[in-house]
Amino acid sequence: LIYNNAGDGIDLGPNDGPTPNDVNDVDIGPNDLLNTPVFTSAFLSGATLILSGFMNTQANKDLVIQLYANPSGGQGQIQLGFIPVSMGPNNTVFFTKTLTVPSTVVKGYTLTAIAIDQLGNSSEFSIPLVIE
């Protein structure tokens, strides 16, 4: 897993910090500067985590969003699962996922993710969202 880094777990720029998402993901650079997933909510009830968000990138891409929980605001510490996403003709796909998480995951941890496209390009980590 990807954690305990001095900086970002994945930095597609020259150590310049998080790369902002761009509309429809038209920029170029390392790993196509693939946009990160965006989370809008993450609620934990017992061992059940319900999360919602969206992915904006180029149309007709197939992606896997890998999900992580982090006890101290880090990135990539506890792998939670994944969400397959097919963009189809749209540039934005909304998703909701319900999954069972380990008992070590508690409210107050952060949720982060990376997107990986069908060519193997990985995004940076998403902006952390506190699990409520």
Side-chain angles (χ1 to χ4, degrees):
L1 300 180
I2 308 168
Y3 66 97
N4 281 343
N5 295 290
D8 292 329
I10 301 172
D11 189 353
L12 299 180
N15 295 322
D16 62 352
T19 302
N21 284 346
D22 61 308
V23 176
N24 300 337
D25 210 4
V26 295
D27 54 357
I28 57 172
N31 287 359
D32 288 338
L33 291 178
L34 184 63
N35 281 348
T36 65
V38 176
F39 293 109
T40 55
S41 65
F43 297 101
L44 184 64
S45 178
T48 302
L49 178 66
I50 302 169
L51 59 95
S52 296
F54 64 92
M55 183 73 199
N56 173 267
T57 190
Q58 297 169 357
N60 301 313
K61 276 197 174 205
D62 292 321
L63 306 154
V64 172
I65 298 173
Q66 293 183 346
L67 306 166
Y68 299 91
N70 312 283
S72 61
Q75 301 172 325
Q77 189 159 354
I78 302 167
Q79 190 168 20
L80 299 178
F82 64 93
I83 303 170
V85 175
S86 291
M87 300 308 293
N90 300 312
N91 293 94
T92 302
V93 170
F94 293 87
F95 55 82
T96 298
K97 176 84 172 173
T98 300
L99 56 136
T100 302
V101 297
S103 61
T104 55
V105 175
V106 297
K107 293 179 181 185
Y109 277 30
T110 59
L111 177 68
T112 57
I114 58 173
I116 301 172
D117 71 13
Q118 72 269 24
L119 300 175
N121 293 312
S122 171
S123 71
E124 295 180 344
F125 276 93
S126 63
I127 295 171
L129 179 69
V130 174
I131 298 172
E132 297 181 23

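Small disclaimer: the values here were computed from a predicted structure and weren't measured.
- Atom OG of Ser126 and atom CG of Leu111 lie 6.5 Å apart (nearest 0.5 Å).
- With Glu124 contributing its side chain and Thr19 its backbone, the two residues share a donor-acceptor pair below 3.5 Å.
- Residue-environment remark: CG (Leu119) exceeds the threshold of 12 foreign heavy atoms within 6.0 Å.
- Side-chain contact between Thr104 and Ile78: present, with at least one pair of heavy atoms (C-beta onward) separated by less than 4.5 Å.
- Side-chain contact annotation: Asn56 with Asn91, donor-acceptor N/O pair under 3.5 Å absent.
- Tracing side-chain contacts under 4.5 Å through hydrophobic residues (I, L, V, M, F, W, Y), one reaches Val106 starting from Ile131; they form part of the same cluster.
- Counting only N and O atoms by type, the side chains of Ser52 and Thr40 include no donor and acceptor under 3.5 Å apart.
- The two residues Gln77 and Pro71 come nearest to each other via the heavy atoms OE1-CD, 3.2 Å.
- Residue Leu49 is grouped with residue Leu129 when hydrophobic side chains (ILVMFWY) are merged at heavy-atom distances under 4.5 angstrom, including chains of intermediate members.
- Using modelled atom types, no side-chain atom of Glu132 and backbone atom of Phe43 make a donor-acceptor pair closer than 3.5 Å.
- The backbone N or O of Val26 lies less than 3.5 Å from no partner atom in the side chain of Asn24, so there is not a single donor-acceptor pair.
- Residues Leu44 and Val101 meet the side-chain proximity criterion, which asks for heavy atoms closer than 4.5 Å.
- Tested against Met55, the residues Thr92, Asn21, Leu63, Ile83 include a single side chain to side chain contact (heavy atoms under 4.5 Å, CB included) partner, Leu63.
- With a 6.0 Å radius and a threshold of 12 heavy atoms from other residues, nucleotides or ligands, Phe82 has its CZ atom at or below the threshold.
- Neither side chain, Thr112 nor Gln75, offers a donor N or O lying under 3.5 Å from an acceptor on the other.
- With values rounded to the nearest 0.5 angstrom, Asn121 atom CG is found 10.0 Å from Asp25 atom CG.
- Residues Ile127 and Val38 have side chains not in contact (no heavy-atom distance under 4.5 Å, counting atoms from C-beta outward).
- Using a 4.5 Å cut-off between side-chain heavy atoms of Ile, Leu, Val, Met, Phe, Trp and Tyr, with links allowed through other members, Leu67 and Val93 fall into the same hydrophobic cluster.
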Q: Would you please test Gln66 and Ile116 for side chain to side chain contact (heavy atoms under 4.5 Å, CB included) and show each step?
A: CA-CA 8 Å; Gln66 293 183 346; Ile116 301 172; 3.7 Å; yes
Q. Between Leu80 and Val105, does a side chain to side chain contact (heavy atoms under 4.5 Å, CB included) hold up when you go through it step by step?
A. CA-CA 9 Å; Leu80 299 178; Val105 175; 4.0 Å; yes
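- Two residues are said to be in side-chain contact when any heavy atoms from C-beta on lie closer than 4.5 Å; Gln58 and Met87 fail this criterion.
- Side chains of Ser122 and Asn31: a donor-acceptor N/O pair is absent below 3.5 angstrom, by distance only.
- Summarising the geometry of Ser123 relative to Leu34, their closest heavy-atom pair is CB-O, 3.3 Å, with the distance given to 0.1 Å.
- Rounding to the nearest 0.5 Å places OG1 of Thr96 at 9.0 Å from CD1 of Ile50.
- Annotation for Ala59 and Pro89: closest pair CB-O, 3.7 Å, computed over non-hydrogen atoms.
- Side-chain contact, Thr57 with Asn35: no donor N or O sits under 3.5 Å from an acceptor N or O.
- Hydrophobic clustering, with ILVMFWY side chains joined whenever heavy atoms are under 4.5 angstrom apart, groups Leu99 together with Val85.
- No side-chain heavy atom of Val130 sits less than 4.5 Å from a side-chain heavy atom of Tyr109.
- When the side chains of ILVMFWY residues are joined at heavy-atom separations under 4.5 Å, either directly or via intervening members, Phe94 and Phe39 end up in two distinct hydrophobic clusters.
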